[in-house]
Amino acid sequence: MSVTLCGRKAQAMRKFFLRALLVLTVAVLLVGITQRDRITRLLAVNSLFNEDVIVTNFTSMDSMFLTRTMDGGTAAPLPIGAPLTMPAAWEDFAGIRRVTGIVVLQDGQIIYEDYPLAEIEDGDPADLRRISWSMAKSLLSVLTGALLEDGIIDSLDDPVTKYAPSLADGAYAGATIRNVLQMTSGVTFDEDYLDFGSDINRMGRVLALGQSMDGFTQDLRDTFAEPGTDWQYVSIDTHVVGMVLRGATGRTIPELLEERVLRPLSLDQPPYYLTDGDGVAFVLGGLNMTTRDYARFGQMYLQGGQWQGQQIVPADWVAASTRPSAPTATGITGYGYQWWIPLGSEVGTYMARGIYGQYIYIDTARGVVIAVNAADRQFRDIGANQQNVDMFRAIAESLSNGT
């Protein structure tokens, strides 16, 4: 009798565990189904920069993340000029720096264009929209200048909390709009891409999981300096610029940017932003446009903010935003309002710059714009940025020498 009882108990236990396993399996499957997109985006973030997929990933961000497409106006091709013979070192340089797209303009005409490493079976690689990374910061600067001119923002010396009151209890409580434009907020933000637990990587997971970028920013509490005193590159400062513009207008950044900047430029392809789960644009690095359209944007700035007879942004803002006004240390690249100024540059030479080798280099005196997209996994190496600048200078100077 006792043996039979033990057998029944064992059988009941097996049934219980089988049912529990079934319930757990169903639960896991349900979570997998309902959270599939989040899991996919998280996996994409974790493998985004892997050597075997980075080139493809940088032209297909819309297949991995939440996005918002914008109206780039009625497409109008850029004119073609006399072809440029590139410097002898260009091919080796392009291979080392993993260039995926380059467009060189002089006087608004395309004089050189190439798409090395293009991974496309059908269509034109020129039509691929490539991730901007931090070049997007410079486009947001342009929008800021336009809204300042419109009187929607009263002053760059207004506190950011005037337009983004949700920041009042956090690290940005004492910062002004000028501070966040110049990266002098004094907010502590670890930008180490190699550290899984860094702030920049935590922010990437917020984006991938469809959480709130605003909430992430509001939760920042630590500062390392008084606002306006020290310069330190803090990408989240640019998100605060976006919060200010949204708060001042009650509109989204994609709406504002397409209306004030993008439509008048008559872009080749409709651009798009990566967004968080609330539909808020990832303004500090999530813009995607063609290399031609990055060059077109640079040409507008070279022309003092004017395009096809329309003043997109005041010429005074172009000059102010590209002047090295931030208190950067001696001997490093200068910084303005979300624009970089290379060391030793003439007035009117400046650039937008993003990780992994994204650049819009503008030489006003020579009428040259160079837009480059890349998948350079060695972009952090000492001297890598200077190598890019040296090549851009060589290209521009070859044009001034008539070659």
Side-chain angles (χ1 to χ4, degrees), residues 93 97 133-135 137-138 140-141 144-145 156-157 160 171-172 174-195 198-200 222-238 240-241 284-285 298 301-302 316-366 368 370 372 376 378-397:
F93 169 88
R97 299 270 64 103
W133 297 123
S134 288
M135 292 196 301
K137 294 178 169 72
S138 300
L140 195 66
S141 172
T144 304
L156 294 186
D157 295 316
V160 297
Y172 283 96
T176 68
I177 300 172
R178 192 185 308 275
N179 295 154
V180 291
L181 283 169
Q182 292 180 324
M183 301 284 185
T184 60
S185 67
V187 170
T188 300
F189 188 82
D190 181 1
E191 201 127 350
D192 184 355
Y193 290 90
L194 298 179
D195 180 358
S198 68
D199 293 317
I200 196 75
D222 297 333
T223 60
F224 67 90
E226 288 295 315
T229 58
D230 288 2
W231 180 86
Q232 182 170 304
Y233 192 78
V234 174
S235 281
I236 204 68
D237 279 3
T238 309
V240 174
V241 176
L284 59 90
Y301 232 55
L302 181 146
D316 289 348
W317 180 262
V318 173
S321 62
T322 58
R323 181 175 61 84
S325 57
T328 55
T330 303
I332 72 168
T333 303
Y335 202 74
Y337 298 151
Q338 310 276 294
W339 287 91
W340 297 90
I341 300 88
L343 279 174
S345 295
E346 304 171 13
V347 174
T349 298
Y350 49 89
M351 61 190 183
R353 173 179 159 195
I355 57 171
Y356 293 90
Q358 325 310 317
Y359 288 90
I360 304 171
Y361 180 87
I362 299 169
D363 184 335
T364 305
R366 295 177 175 84
V368 174
I370 303 169
V372 169
D376 182 7
Q378 279 70 53
F379 76 98
R380 305 179 192 85
D381 289 357
I382 295 173
N385 176 64
Q386 190 59 49
Q387 288 176 21
N388 281 282
V389 171
D390 289 345
M391 176 54 68
F392 303 153
R393 282 178 172 158
I395 294 170
E397 289 171 3

Parallel, tilted or perpendicular: ring planes of Tyr335 versus Trp340, cut at 30 and 60 degrees: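 Geometry flag for Trp340 against Tyr335: perpendicular rings.
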Other residues, nucleotides, ligands: >12 heavy atoms within 6.0 Å of Gln386 CD: yes
Working for side-chain contact (heavy atoms from CB on, under 4.5 Å), residues Met183 and Gln338: CA-CA 8 Å; Met183 301 284 185; Gln338 310 276 294; 3.8 Å; yes
For the side chain of [X] and the backbone of [Y], is there at least one donor-acceptor N/O pair under 3.5 Å apart?
{"X": "Asp381", "Y": "Ala384", "result": "no"}
{"X": "Lys137", "Y": "Leu284", "result": "yes"}
{"X": "Ser134", "Y": "Arg353", "result": "no"}

With the side chain counted from C-beta on, respond yes when [X] and [Y] share a heavy-atom pair under 4.5 Å apart, and no when they do not.
{"X": "Thr333", "Y": "Asn385", "value": "yes"}
{"X": "Val368", "Y": "Tyr361", "value": "no"}
{"X": "Pro327", "Y": "Thr229", "value": "no"}
{"X": "Thr176", "Y": "Leu156", "value": "no"}
{"X": "Ile200", "Y": "Asp192", "value": "no"}
{"X": "Tyr350", "Y": "Thr364", "value": "yes"}
{"X": "Leu140", "Y": "Thr238", "value": "yes"}
{"X": "Ile370", "Y": "Tyr359", "value": "no"}

Criterion side-chain contact (heavy atoms from CB on, under 4.5 Å) against Met351, the qualifying member of Ile362, Ile360, Val389: Val389
Look up atom [atom1] in [X] and atom [atom2] in [Y], then write down how far apart they are to the nearest 0.5 Å.
{"X": "Trp231", "Y": "Thr184", "atom1": "CH2", "atom2": "OG1", "result": "10.5 Å"}
{"X": "Phe392", "Y": "Glu397", "atom1": "CZ", "atom2": "CD", "result": "13.5 Å"}
{"X": "Asn388", "Y": "Gln358", "atom1": "CG", "atom2": "CD", "result": "10.0 Å"}
{"X": "Ile395", "Y": "Asp390", "atom1": "CD1", "atom2": "CG", "result": "11.5 Å"}
{"X": "Leu181", "Y": "Thr144", "atom1": "CG", "atom2": "OG1", "result": "5.5 Å"}
{"X": "Phe224", "Y": "Phe189", "atom1": "CZ", "atom2": "CZ", "result": "12.5 Å"}

Chi angles and distances behind the side-chain contact (heavy atoms from CB on, under 4.5 Å) call for Arg97, Met391: CA-CA 11 Å; Arg97 299 270 64 103; Met391 176 54 68; over 6 Å; no
How close do [X] and [Y] get, heavy atom to heavy atom, and via which atoms?
{"X": "Ser345", "Y": "Arg393", "answer": "OG-NH2, 3.1 Å"}
{"X": "Asp363", "Y": "Leu302", "answer": "O-CD1, 3.7 Å"}
{"X": "Ile341", "Y": "Thr349", "answer": "CG2-O, 3.8 Å"}
{"X": "Asn179", "Y": "Pro227", "answer": "OD1-CB, 3.3 Å"}
{"X": "Gly354", "Y": "Trp133", "answer": "CA-CB, 4.2 Å"}
{"X": "Val160", "Y": "Val180", "answer": "CG1-CG2, 4.1 Å"}

Sidechain N-carboxylate O distance under 4.0 Å for Arg366, Glu346: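 Glu346 and Arg366: salt-bridged.
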Is the closest side-chain donor-acceptor distance between [X] and [Y] under 3.5 Å?
{"X": "Ser235", "Y": "Glu191", "result": "yes"}
{"X": "Arg178", "Y": "Tyr337", "result": "yes"}
{"X": "Ser321", "Y": "Tyr301", "result": "yes"}
{"X": "Ser185", "Y": "Asp237", "result": "yes"}

Pair Tyr193-Ser198, side-chain contact (heavy atoms from CB on, under 4.5 Å): steps then yes or no: CA-CA 7 Å; Tyr193 290 90; Ser198 68; over 6 Å; no
